[in-house]
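Everything numeric in this text was worked out from a predicted model, so none of it was measured. Both ligands and their constituent atoms are indexed starting at 1 by order of listing.
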Amino acid sequence: MDISVVVPLYNEAESLPELTAWIERVMLAHGYSYEIIFVNDGSTDDSWQVINRLSQSNPAVRGVAFRRNYGKSPALNTGFARAQGDVVITMDADLQDSPDEIPELYRMITEEGYDLVSGYKQKRYDPLSKTIPTKLFNATARRVTGIHNLHDFNCGLKAYRSKVVKHIEVYGDMHRYIPYLAKLAGFSRIGEKVVHHQARKYGKTKFGLDRFVNGYLDLMTLWFTGKFGGKPMHLFGVLGSLMFVLGLVAVAVVGFGKLWDMHHGNPYILVTDSPYFYLSLTLMLLGSQLFLAGFVGELIARNAPGRNHYEIDEEI
Ligand code: UDP
Ligand code: MG
């Protein structure tokens with residue numbers, strides 16, 4: 001099969017028939033063999049009935065339904081597990097992403113050799129309250145992830161080589177960072193294509209402004225787990241040792257300073273009257289705590305089921 005289109009959806013009943021008809025049109029025009037996998041993320045409207053009806057009139061339409069709402073990432077992950085196409089395309093259900101982009105995305109994967117191509121909504125039809133934070137968000141993401149050529153990490157329209165979606169695990173709210181997940185899994189050919197974007201036609205957005213707070217926290221988590229997940233001591237140990245040594249030196253300076261003054265008959269103050277004494281104590285305490293956190297982290301990492309899982313590319 002050429003293409004799997006994975007569509008996560010939550011209460012998008014009005015959009016589904018139009019979206020399906022549009023995808024069918026594009027697929028037919030280019031002669032692709034395809035499937036559409038609708039992942040119903042616990043919708044409370046009649047999205048699921050609509051999907052049922054659509055699948056009866058077109059056998060290429062498949063559907064999976066969660067019993068409750070889990071979020072976009074779990075929906076994508078579930079769709080990825082079921083996708084059978086050589087190229088997997090994800091798009092939002094709300095008609096903001098255009099199926100007309102599919103052929104070019106498909107070509108970039110199959111002919112230009114990209115592992116992943118992300119859409120870039122250069123001209124967005126979203127409120128300003130979303131477009132401005134988005135710019136900031138993407139700039140931060142570019143820096144932290146080191147994927148400098150992406151302008152729009154969170155674009156719902158993306159294309160993947162099948163291998164990629166089978167080797168990454170999207171959980172929590174991590175759909176915002178799938179390119180980073182792919183990079184961490186060793187897929188380095190990540191490209192971008194400017195895509196058309198439309199205002200939402202039906203229904204309303206499912207994400208509020210909290211997406212930016214959560215997005216930032218998730219980015220920190222991914223950065224940390226990607227870099228130190230297998231060796232937490234390399235972060236905590238370094239920080240802890242530095243702080244401890246700094247504290248030790250500082251406390252020594254305070255102590256010897258007093259002895260020196262005493263010895264030379266200068267006026268001196270008690271060690272416990274010096275604010276530096278308490279600062280050094282705090283440093284030493286925090287330092288040992290960090291060091292212990294490193295040890296605990298190592299104990300956890302040692303028991304992690306994936307500790308010896310590596311992405312093997314080829315073998316003879
Ligand atoms: N979505 C989902 N589960 C959720 C929230 C959203 O499957 O809990 C789907 C939603 O139906 C849509 C896509 O994720 O197909 C993107 O959501 P939305 O259009 O609300 O996001 P925005 O365009 O505002 O970024
Ligand atoms: Mg949308």
If you define the side chain from C-beta out and look only at heavy atoms, does anything of Asp2 sit under 4.5 Å from Val87?
no

Between Lys193 and Glu101, does any NZ, NE, NH1 or NH2 come within less than 4.0 Å of an OD or OE carboxylate oxygen?
yes

For the residue pair Tyr32 and Tyr106, does the interplanar ring angle fall in the parallel (under 30°), tilted (30 to 60°) or perpendicular (over 60°) class?
tilted

Any residue meeting salt bridge (Lys or Arg N to Asp or Glu O under 4.0 Å) with Lys258, in chain and number order, not counting sequence neighbours:
none

Indicate yes or no: does Lys163 engage Asp313 in a salt bridge with an N to O separation below 4.0 Å.
yes

Quick one: does Val6's side chain get under 4.5 Å of Leu76's, heavy atoms only?
yes

Closer than 2.8 Å to the Mg ion (ligand 2), what protein N/O/S atoms do you find?
Asp94 OD2, Gln96 OE1

May I have every N or O pair linking ligand 1 to the protein at under 3.5 Å, one per line with atom names and distance?
from     : atom 1 : to     : atom 2 : distance (Å)
ligand 1 : 3 (N)  : Asp41  : OD2    : 2.6
ligand 1 : 7 (O)  : Leu9   : N      : 3.3
ligand 1 : 8 (O)  : Asp41  : OD2    : 3.2
ligand 1 : 8 (O)  : Asn69  : ND2    : 3.1
ligand 1 : 11 (O) : Tyr10  : N      : 2.8
ligand 1 : 11 (O) : Glu12  : OE2    : 2.6
ligand 1 : 15 (O) : Pro8   : O      : 2.9
ligand 1 : 15 (O) : Ala93  : N      : 2.9
ligand 1 : 19 (O) : Asp94  : OD2    : 2.5
ligand 1 : 19 (O) : Arg200 : NH2    : 2.9
ligand 1 : 20 (O) : Arg200 : NH2    : 3.3
ligand 1 : 20 (O) : Thr205 : OG1    : 3.4
ligand 1 : 20 (O) : Lys206 : N      : 2.6
ligand 1 : 23 (O) : Gln96  : OE1    : 2.9
ligand 1 : 24 (O) : Lys130 : NZ     : 2.8
ligand 1 : 24 (O) : Thr205 : OG1    : 2.5
ligand 1 : 24 (O) : Arg211 : NH2    : 3.3
ligand 1 : 25 (O) : Lys130 : NZ     : 3.4
ligand 1 : 25 (O) : Arg211 : NH1    : 3.0

Checking Arg68 against Tyr70: charged group under 6.0 Å from the ring centre and within 45 degrees of the axis?
yes

With heavy-atom distances below 4.5 Å as the criterion, would you say the side chains of Phe207 and Lys72 are in contact?
yes

Quiz: residues 149-157 side-chain donor-acceptor pairs under 3.5 angstrom, not counting sequence neighbours:
from   : atom 1 : to     : atom 2 : distance (Å)
Asn149 : ND2    : Ile190 : O      : 2.9
His151 : ND1    : Glu192 : OE1    : 2.7
Asp152 : OD2    : Lys121 : N      : 3.0

